[in-house]
K.L.:
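Would you mind keeping the following structure in view while I ask a few things?
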Amino acid sequence: MTINMRRKKIRITPGKALMFLFFAWFILACLVLPNLNLLKTVFFADGNFSTEPIRKLLKSKRAMKALRNSFILAPTLSITVGFVGITLVLLTEYFDIKGANILRLGYMTTLIYGGITLVSGYKFIYGSSGFLTKLLVQVFPNMNASWFQGYGAVLFVMTFSCTSNHMIFLRNAMRSVDFQTVEAARNMGAGQFYILRRVVLPVLLPSLFAVTILTFITGLSAMSAPMLVGGTEFQTINPMIKTFADTVSSKDLAALLSLVLGFATMLLLFIMTQIEKRGHYMSVSKVKTKIVKQKITNPVLNVLAHVYAYVLFVIYVLPVVLIVLFSFTDSKSIGTRTLTLSSFTLENYKYLLQSLSNYRPFVVSIVYSALAAVIVGVIVVVACRYIQKHKKARSASVLEYSLMIPWLLPTTMIALGLMMAFNVRRPYMFNQVLTGTMVILLIGYVIIKLPFTMRMTKAAFFSLDDALEDASKNLGAGEMYTFRRVIFPVILPTVMAIAALNFNALISDYDMSAFLYHPLNPTLGVQIKSLTNDMNNPNGMALTFVYAVLMMIISAVVLYLVYGRGGRDNMKE
């Protein structure tokens with residue numbers, strides 16, 4: 001049997017029929033129907049269309065304040081993160097700053113820890129009973145110990161935790177700057193900062209636009225920082241969605257807020273796509289040369305740049321250093337926020353292993369993250385192989401765009417959709433109630449990692465040399481044998497790298513876990529949030545620090561395997 005799609009005939013084998021059935025079920029059951037059910041819950045609760053939830057939302061002071069706060073945070077965060085992120089890249093990649101390699105490592109610490117763990121670290125340092133706050137109160141007795149909360153605290157934490165994209169993507173863009181163009185401008189009499197503004201920054205603009213939109217979306221979807229340091233006066237959309245979702249009478253408000261957030265996310269992603277379609281700024285030089293770091297000629301500006309660089313370094317590194325140090329101190333030192341040589345001990349790490357309830361969240365998160373990384377990898381590899389083989393077929397386009405649906409939706413909207421859709425028996429889910437089970441969180445993890453995995457894996461497939469597959473076919477190899485012995489070994493390093501990054505991101509997840517975790521098996525993110533609520537519990541904080549150190553070690557090893565060793569291998573080749 002054959003199907004004609006855009007003049008391309010696709011032979012339907014039993015294997016392809018099974019693949020079509022699986023993807024049709026997965027896309028409808030997990031990506032489409034839960035979100036349609038969310039719309040139904042909001043506007044068709046009693047079977048008839050109603051705008052009552054909108055009126056209810058407009059009357060809710062807390063909900064409207066949360067919306068206002070989110071739309072205040074998002075643009076200001078885009079500005080502060082943009083400024084700090086650009087300066088980080090310039091200080092480490094463009095200007096000749098002493099100790100740039102050390103500075104770069106400090107600025108990249110946000111790649112090994114983030115989310116709820118990072119915010120808890122900042123709260124431990126700057127909070128009302130924090131390490132730095134205690135020192136400041138001793139110097140300034142009349143100082144308000146609760147200074148680090150509200151909008152300013154949220155903006156501060158998120159500004160220094162959201163520069164990861166700049167350190168990855170903007171650094172790569174900086175390497176595409178052509179030094180010959182810089183030299184030509186200098187020979188024509190252009191000043192140093194004129195060259196920076198008119199030659200260097202235009203090359204960075206496409207990447208800068210993209211990361212700015214992503215930062216704006218991050219600000220809209222902020223969860224951990226507003227919950228932990230926002231205080232009662234600065235709660236944003238996502239924490240309010242969680243609050244309303246925990247109340248039966250307010251679930252419709254939670255669903256409607258998630259729809260508002262989803263609409264804003266889709267609008268911003270549309271804007272980013274339009275910006276990408278405008279193209280990229282290209283160097284006009286035929287033979288590009290690597291950028292040579294520029295020494296700041298003005299001595300005053302040079303000193304100020306060095307001072308600024310190292311102040312940022314301290315801000316980035318201080319939470320990491322204190323988390324590691326306090327993870328090796330006794331509970332008394334943690335409670336009093338003091339460090340002495342006599343207080344160092346390994347008891348906190350022993351305490352982790354003494355009780356199942358202590359290490360269970362760590363094991364649960366590792367298992368969830370590993371399973372999700374493997375499952376999403378398998379799904380995407382199969383999908384990308386079909387898309388690569390039938391790139392002109394309508395079915396390939398439908399499959400690709402369907403698997404990118406989660407990219408348009410915030411995590412809380414996906415979580416609410418799953419929670420409300422699967423709290424009753426559904427025929428398309430084999431008449432099983434999944435809400436409150438271990439399975440639903442795994443489904444959520446797989447869904448939120450589909451878009452990133454899809455884009456990266458598809459790029460790997462389409463960069464393959466077609467001659468490899470043609471040679472295999474000419475030697476008489478079948479399609480499956482060719483894929484298994486020729487294609488898959490080539491893309492395997494990329495697939496493993498993506499799986500590692502997915503594992504890295506999911507192990508400390510809180511946003512999805514907060515809605516879908518099993519009560520008897522909390523994830524690491526949920527456990528850390530629970531422990532961080534009581535900063536005066538030294539045993540709880542000790543356990544939080546141990547969790548954080550172990551996660552940082554795992555993340556650092558993953559990053560080394562993906563970027564460190566892989567980068568050197570590529571250089572050798």
K.L.:
Run Val89 and Tyr94 through side-chain contact (heavy atoms from CB on, under 4.5 Å) and show every step you take.
P.N.:
CA-CA 7 Å; Val89 175; Tyr94 184 73; over 6 Å; no

K.L.:
Start with the C-alpha gap between Val154 and Gln149, add the side-chain angles, then the distance that decides, and say whether side-chain contact (heavy atoms from CB on, under 4.5 Å) holds.
P.N.:
CA-CA 7 Å; Val154 173; Gln149 67 177 15; over 6 Å; no

K.L.:
Would you say the side-chain atoms of Tyr107 pair up with the backbone N or O of Ala309, donor to acceptor, closer than 3.5 Å?
P.N.:
yes

K.L.:
In the structure I gave you, are the side-chain heavy atoms of Lys293 and Phe95 within less than 4.5 Å of one another anywhere?
P.N.:
no

K.L.:
Any chance you could measure Ile72, atom CD1, to Thr236, atom OG1, to the nearest 0.5 Å?
P.N.:
11.5 Å

K.L.:
Judged by atom type as modelled, is there a donor-acceptor pair below 3.5 Å linking the side chain of Ser369 to the main-chain atoms of Ile366?
P.N.:
no

K.L.:
With no hydrogens and no angle check, is any side-chain donor or acceptor of Ser120 less than 3.5 Å from a backbone partner on Thr117?
P.N.:
yes

K.L.:
Just verifying a value: how many Å separate Ser161 OG and Leu118 CG, rounded to the nearest 0.5 Å?
P.N.:
5.0 Å

K.L.:
Do Val84 and His166 come close enough that some side-chain heavy atom pair is under 4.5 Å?
P.N.:
no

K.L.:
For residues Ser221 and Ile217, determine if any side-chain heavy atom of one lies less than 4.5 Å from a side-chain heavy atom of the other.
P.N.:
yes

K.L.:
Under 3.5 Å, is there a donor-acceptor pair linking the side chains of Tyr316 and Thr163?
P.N.:
yes

K.L.:
If you look at every heavy atom in Ile116 and Ser224, which pair is closest and at what distance?
P.N.:
N-OG, 3.6 Å

K.L.:
Could you check whether any side-chain N or O of Ser365 sits under 3.5 Å from a backbone N or O of Phe362, counting only pairs where one atom can act as donor and the other as acceptor?
P.N.:
no

K.L.:
May I ask you to decide if Lys65's main-chain N or O and Asn69's side chain share a donor-acceptor pair within less than 3.5 Å?
P.N.:
yes

K.L.:
Is any side-chain heavy atom of Ile379 closer than 4.5 Å to a side-chain heavy atom of Val376?
P.N.:
no

K.L.:
Starting from the C-alpha separation in whole Å, work towards a yes-or-no answer on side-chain hydrogen bond (donor to acceptor under 3.5 Å, both in side chains) for Thr412 and Ser258.
P.N.:
CA-CA 7 Å; Thr412 46; Ser258 70; over 6 Å; no

K.L.:
Might you work through the side-chain contact (heavy atoms from CB on, under 4.5 Å) test for Thr494 and Thr457, ending with a clear yes or no?
P.N.:
CA-CA 7 Å; Thr494 300; Thr457 307; 5.8 Å; no

K.L.:
Does any part of the side chain of Val229, heavy atoms only, come nearer than 4.5 Å to the side chain of Tyr122, both counted from C-beta?
P.N.:
no

K.L.:
So Leu450 and Trp407, do their side chains get closer than 4.5 Å, heavy atoms only?
P.N.:
no

K.L.:
To the nearest 0.5 Å, how far apart are OH in Tyr445 and CG in Asp509?
P.N.:
4.0 Å

K.L.:
Judged by atom type as modelled, is there a donor-acceptor pair below 3.5 Å linking the side chain of Ser555 to the main-chain atoms of Tyr113?
P.N.:
no

K.L.:
Assess the residue pair Met552 and Val324 against the criterion (side-chain contact (heavy atoms from CB on, under 4.5 Å)); give the C-alpha distance rounded to whole Å, side-chain angles, the decisive distance to 0.1 Å, and a yes or no.
P.N.:
CA-CA 10 Å; Met552 284 191 280; Val324 173; 4.1 Å; yes

K.L.:
Show the nearest heavy-atom pair for residues Ile334 and Ala542, with the distance to one decimal.
P.N.:
CD1-CB, 3.5 Å

K.L.:
Is any side-chain heavy atom of Ile387 closer than 4.5 Å to one of Met454?
P.N.:
yes

K.L.:
Looking only at heavy atoms, which two atoms of Ala222 and Pro239 are closest? And how far apart?
P.N.:
O-CD, 3.4 Å

K.L.:
Distance from Tyr368 atom OH to Leu506 atom CG, nearest 0.5 Å?
P.N.:
12.0 Å

K.L.:
May I ask you to check whether over 12 heavy atoms, not counting those of Tyr308, lie within 6.0 Å of atom OH?
P.N.:
yes

K.L.:
Any idea which heavy atoms bring Gly219 and Leu73 closest together, and the distance?
P.N.:
O-CD2, 3.6 Å

K.L.:
Considering residues, nucleotides and ligands other than Met456, do more than 12 of their heavy atoms fall under 6.0 Å from its CE?
P.N.:
no

K.L.:
When rounded to the nearest 0.5 angstrom, what distance separates CG in Leu418 from CG in Asn35?
P.N.:
7.5 Å

K.L.:
Examine distances only and state if a side-chain atom of His306 and a backbone atom of Lys98 form a donor-acceptor pair shorter than 3.5 Å.
P.N.:
yes

K.L.:
Taking salt bridge (Lys or Arg N to Asp or Glu O under 4.0 Å) as the definition, give me every residue that meets it alongside Glu400, ordered by chain and number, with sequence neighbours left out.
P.N.:
Lys458

K.L.:
Between Ala66 and Met240, which heavy-atom pair has the shortest distance, and what is it?
P.N.:
CB-CB, 3.9 Å

K.L.:
List for me each residue that meets side chain to side chain contact (heavy atoms under 4.5 Å, CB included) alongside Pro361, sequence neighbours excluded, and say none if there are none.
P.N.:
Pro522, Leu524, Gln527, Tyr547

K.L.:
Got a donor-acceptor contact below 3.5 angstrom from the Thr133 side chain to the Gly127 backbone?
P.N.:
yes

K.L.:
Identify the two heavy atoms, one from Ile296 and one from Ala305, that lie closest to each other, and give their separation to 0.1 Å.
P.N.:
CD1-CB, 3.6 Å

K.L.:
Does any non-hydrogen side-chain atom of Leu77 lie less than 4.5 Å from one of Thr159?
P.N.:
yes

K.L.:
For the residue pair Phe131 and Tyr126, is the inter-centroid distance of their aromatic rings smaller than 6.0 Å?
P.N.:
no

K.L.:
Okay, side chain of Ser128, backbone of Ser146: is any donor-acceptor separation there less than 3.5 Å?
P.N.:
no

K.L.:
Compute whether any side-chain donor of one residue and acceptor of the other, for Thr453 and Asn502, lie under 3.5 angstrom apart.
P.N.:
yes

K.L.:
Nearest 0.5 angstrom please: Thr265 OG1 to Ile213 CD1, how far?
P.N.:
11.5 Å

K.L.:
Would the distance check show the side chain of Arg337 and the main-chain N or O of Gly130 forming a donor-acceptor pair, the cut-off being under 3.5 Å?
P.N.:
no

